[in-house]
Amino acid sequence: YPEGWMREYLGGNGVAARILFDELKPGVDPLSPDNILIIGTGALTGTFFPSSGRWGAWFKSPLTTAIWGEAHSGGTWGPELKYAGFDLIVFYGKAEKPVYLFIDDGKVEIRDAKDLWGKDVFETDVILREEIGDERIHSIYIGQAGEKLVRLACIMDSLYRAAGRCGSGAVMGSKNLKAVVCRGGRDLEVANPDRFQKVCTELIEKLRDNPITGSALPTYGTNVLTNITNAAGILPTFNFQQGWHPEAWKNSGEFQRETILLKNRGCRFCVIRCARFCYIDSGPYAGTIGEGPEYETVWAFGSQCGVFRLDAIHAANMLCNRYGLDTISVGNVIGWAMELYERGIITKEDTDGLELNFGNHEAMVELVRKIALREGKFADLLAEGAKIASEKIGKGSDRLFQGVKWLGLPAYEPRGVWGHALAYATSSRGGCHLRAYMIAPEILGVPKKMDPLTTKGKAEMCIMFQDYFAVIDSVEVCKFVSFALTLDDFAAALTESTGWQYTADKLLEIGAKIYNLERMIACREGVRRKDDTLPERSVKEPAPVGPAKGKVVPLDEMLDEYYELRGWDKETGIPKPETLRRYGLEKAAKLAESLLK
């Protein structure tokens, strides 16, 4: 792509949005050869910038009605793609038979993957190293879930890291693409090496001095949040029926550290090292060993399913790693199925004999495996995601699914954090906590403390986070650095690394441009204000316990203000042509004019 695109869009999300807006035809089946899969890096990936070991995948989602499919991962692969000579890879069409891509220091080769097809993630990693004869290669791959087009499937990196959400693994599987292997030895050049290194050294110190990135995350991992969210009444429990449980401490990062933690780990170039490496030494899941579980996974297979034992949670986590499944989506859909079962909407006859009561950890772990392999009629149905499954089940089952645009909500109960609820509703990829992490101001007090149960200032802060995070997902670094670093820090680093002049305001403008372009990709395929909503439970059923007891989310009030501040049409949710022109998006502005007629 032109150099100007990197300057204008920063790589990652920005460039992917531009490619998909220009080239993805509306209405294509996401699992057909007509979908486009982009995998790649950003402006800061693989540099001295702290926690710059990330990469992303972009595509039309086969799981959601959000259309915009996006998933990011840490691990080791992203920088290696850069060192092998490339920023992004764009996949069109479909291979006639299973293949993998080998990128070897500037040379690209498509290789036969018949011996890899049908293998799990761990087996695939071993075979690739043996076949290439080099332990230093870095690979991303799908497991059987992606091969079988399970819509909850993800792309795995370095055994345990995942580009998890929106069905990325199914899209990769639909193209008969098993893996992308990189080996690189090229240097990355930056415009002002000495000044860039000085900036990065200062930023590393800021991260080490910050209480979240320098202490809480290294000590307890992301699962430091379980006790915090439970105390705040926003730990989703029993499929979001409540936000608090007296046994939540059994799933906490503190208890995890005391019981099953072996060591900390980190992604490439990470100074935070929040990842856990855990081992189960006794009980029915004895011998389970590997990275994780993270906070989202602990919630998904924990309180979401009424399970308060880390051994079962880690067992479910490791099955997801082995087969290539998104832990958030899988745990969300199993918790949903458990509520359907307890309400009598589905029975043992429907579930292939599984007793899906909340708290039945054996059934939960077994169902993870069955979904990955599409084993049995019920697991095969859940493998299609909640939208298709609820259409088959009927009986009002769709109203009990806790998601936005059919992407299952993650580990924060909306009724107790109204700004975060707005972020869910307006997220470009559906029910997602990472387009705007409003938990930071509403619970953690970063960059300032906001009352979680008020609408005041929430639309403005949500937009700021969405635009800031669009930048972070374009330069492709870890979002955790945002607890300690500011847009001024990013501007300084980008200026010294690229030689182009950036300011905090300029970066926010770029983020807004990217977010509007993502929105137009969705609007082109029919997404409107009616889709920017929350589960019925969040807006109609008062929270039963915790600080938010008696509350529902006043979404419409915040949504009106959000659209006004965004410059989007309040009736439809389509960005106004003049808004798009302000960001130089003329082609998108003409599309908006036609959609608003």
Side-chain angles (χ1 to χ4, degrees), residues 73-75 121-122 143 145 152 154 156-165 216-230 235-237 245 247-267 272-335 361-362 364-369 371-372 408 410-412 433-434 480:
S73 175
V121 164
F122 302 144
L152 314 175
C154 63
M156 300 297 296
D157 170 11
S158 316
L159 303 179
Y160 304 116
R161 310 311 292 174
R165 312 228 63 200
L217 285 169
T219 306
Y220 299 113
T222 57
N223 198 19
V224 69
L225 282 165
T226 290
N227 281 333
I228 294 170
T229 54
N230 193 52
L235 179 68
T237 303
H245 197 280
E247 292 184 83
W249 64 271
K250 293 179 180 176
N251 292 348
S252 69
E254 291 85 343
F255 194 60
Q256 182 177 359
R257 183 180 171 89
E258 287 174 22
T259 53
I260 66 171
L261 180 69
L262 287 183
K263 60 182 177 179
N264 288 23
R265 291 186 63 165
C267 300
I272 301 171
R273 299 185 66 80
C274 70
R276 314 286 91 182
F277 197 87
C278 294
Y279 175 61
I280 307 300
D281 63 3
S282 61
Y285 306 106
T288 301
I289 187 169
E291 198 172 295
E294 305 294 329
Y295 169 67
E296 293 291 336
T297 304
V298 167
W299 157 77
F301 297 121
S303 60
Q304 166 70 355
C305 296
V307 172
F308 298 96
R309 43 185 300 166
L310 285 166
D311 60 346
I313 292 167
H314 195 26
N317 170 59
M318 287 306 297
L319 287 174
C320 287
N321 290 338
R322 178 175 293 281
Y323 296 120
L325 286 170
D326 170 28
T327 59
I328 298 176
S329 292
V330 173
N332 182 297
V333 87
I334 291 176
H361 60 93
E362 294 98 341
M364 177 188 74
V365 173
E366 177 64 8
L367 190 50
V368 172
R369 186 189 64 80
I371 288 171
Y412 309 93
H433 62 298
L434 290 172
F480 288 162

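Heavy-atom basis, side chains included; hydrogens, waters and symmetry copies ignored.
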Assess the residue pair His314 and Cys278 against the criterion (side chain to side chain contact (heavy atoms under 4.5 Å, CB included)); give the C-alpha distance rounded to whole Å, side-chain angles, the decisive distance to 0.1 Å, and a yes or no.
CA-CA 8 Å; His314 195 26; Cys278 294; 3.7 Å; yes
Between Tyr285 and Met318, is a side chain to side chain contact (heavy atoms under 4.5 Å, CB included) present by the stated rule, with each step listed?
CA-CA 11 Å; Tyr285 306 106; Met318 287 306 297; over 6 Å; no
Working note: Glu254 + Asn227, criterion side chain to side chain contact (heavy atoms under 4.5 Å, CB included); need CA distance, chi angles, decisive distance, verdict.
CA-CA 9 Å; Glu254 291 85 343; Asn227 281 333; 3.1 Å; yes
What do the steps show when you test Arg257 against Thr219 for side chain to side chain contact (heavy atoms under 4.5 Å, CB included), and what is the final call?
CA-CA 8 Å; Arg257 183 180 171 89; Thr219 306; 4.0 Å; yes
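Atom CD1 in Ile328 sits 4.0 Å away from atom CD in Glu296 (nearest 0.5 Å). A distance of 5.0 Å separates OH in Tyr160 from CZ in Phe122, rounded to the nearest 0.5 Å. For the atom pair Ile334 CD1 and Leu367 CG, the distance stands at 4.5 Å (nearest 0.5 Å). Rounded to the nearest 0.5 angstrom, Ser252 OG and Glu258 CD are separated by 7.5 Å. Atoms OG1 and CZ, on Thr327 and Arg165 in that order, are 8.5 Å from each other to the nearest 0.5 Å. In this structure, OG1 on Thr226 lies 5.5 Å from OH on Tyr295, to the nearest 0.5 angstrom.
Contact annotation: the side chain of Ile260 approaches that of Ile280 to within less than 4.5 Å [non-hydrogen atoms, C-beta and beyond]. Within the 4.5 Å cutoff, the side chain of Tyr323 has no heavy atoms near those of the Ile371 side chain. By the 4.5 Å heavy-atom criterion applied to side chains, Pro293 and Phe301 are not counted as neighbours. When side chains are defined from C-beta on, Leu217 counts as touching Thr222, because their heavy atoms get closer than 4.5 Å. Residues Glu362 and Pro284 form no side-chain contact, since every pair of their non-hydrogen atoms from C-beta on lies 4.5 Å or further apart. Between His245 and Ser303, the closest side-chain pair of non-hydrogen atoms is not below 4.5 Å. Looking at heavy atoms from C-beta onward, Asn264 lies in side-chain contact with Arg276 at the 4.5 angstrom threshold.
Judged purely by atom type and a 3.5 angstrom limit, Trp299 uses its side chain to pair as donor or acceptor with the backbone of Pro236. Distance alone, capped at 3.5 Å, is enough to place a donor-acceptor pair between the Asn223 side chain and the Asn251 backbone.
Contact between Tyr279 and Gly287 at its shortest, heavy atoms only, is CE1-CA, 3.8 Å. In terms of heavy atoms, Ala163 sits closest to Ser73 at N-CB, 3.6 Å. Counting all heavy atoms, side chain and backbone alike, Val368 lies closest to Leu319 at CG1-CB, 3.8 Å. Gln304 approaches Asn332 most closely through the heavy-atom pair NE2-O, 3.1 Å. Of all the heavy atoms in Asn321 and Leu159, the pair that sits closest is CB-O, 4.0 Å. Annotation for Val307 and Ala312: closest pair CG1-CB, 4.2 Å, computed over non-hydrogen atoms.
Below 30°, between 30° and 60°, or above 60°: for Tyr412 and His433 the angle between ring planes is between 30° and 60°, a tilted geometry.
Between Glu366 and Arg369, at least one side-chain N (NZ, or NE/NH1/NH2) sits under 4.0 Å from a carboxylate O, which counts as a salt bridge. By the 4.0 Å N-to-carboxylate-O rule, Arg309 lies too far from Glu247 to be salt-bridged with it.
Remark: Lys250 fails to qualify as a cation-pi partner of Phe255 under the 6.0 Å distance and 45° angle criteria applied to the six-membered ring.
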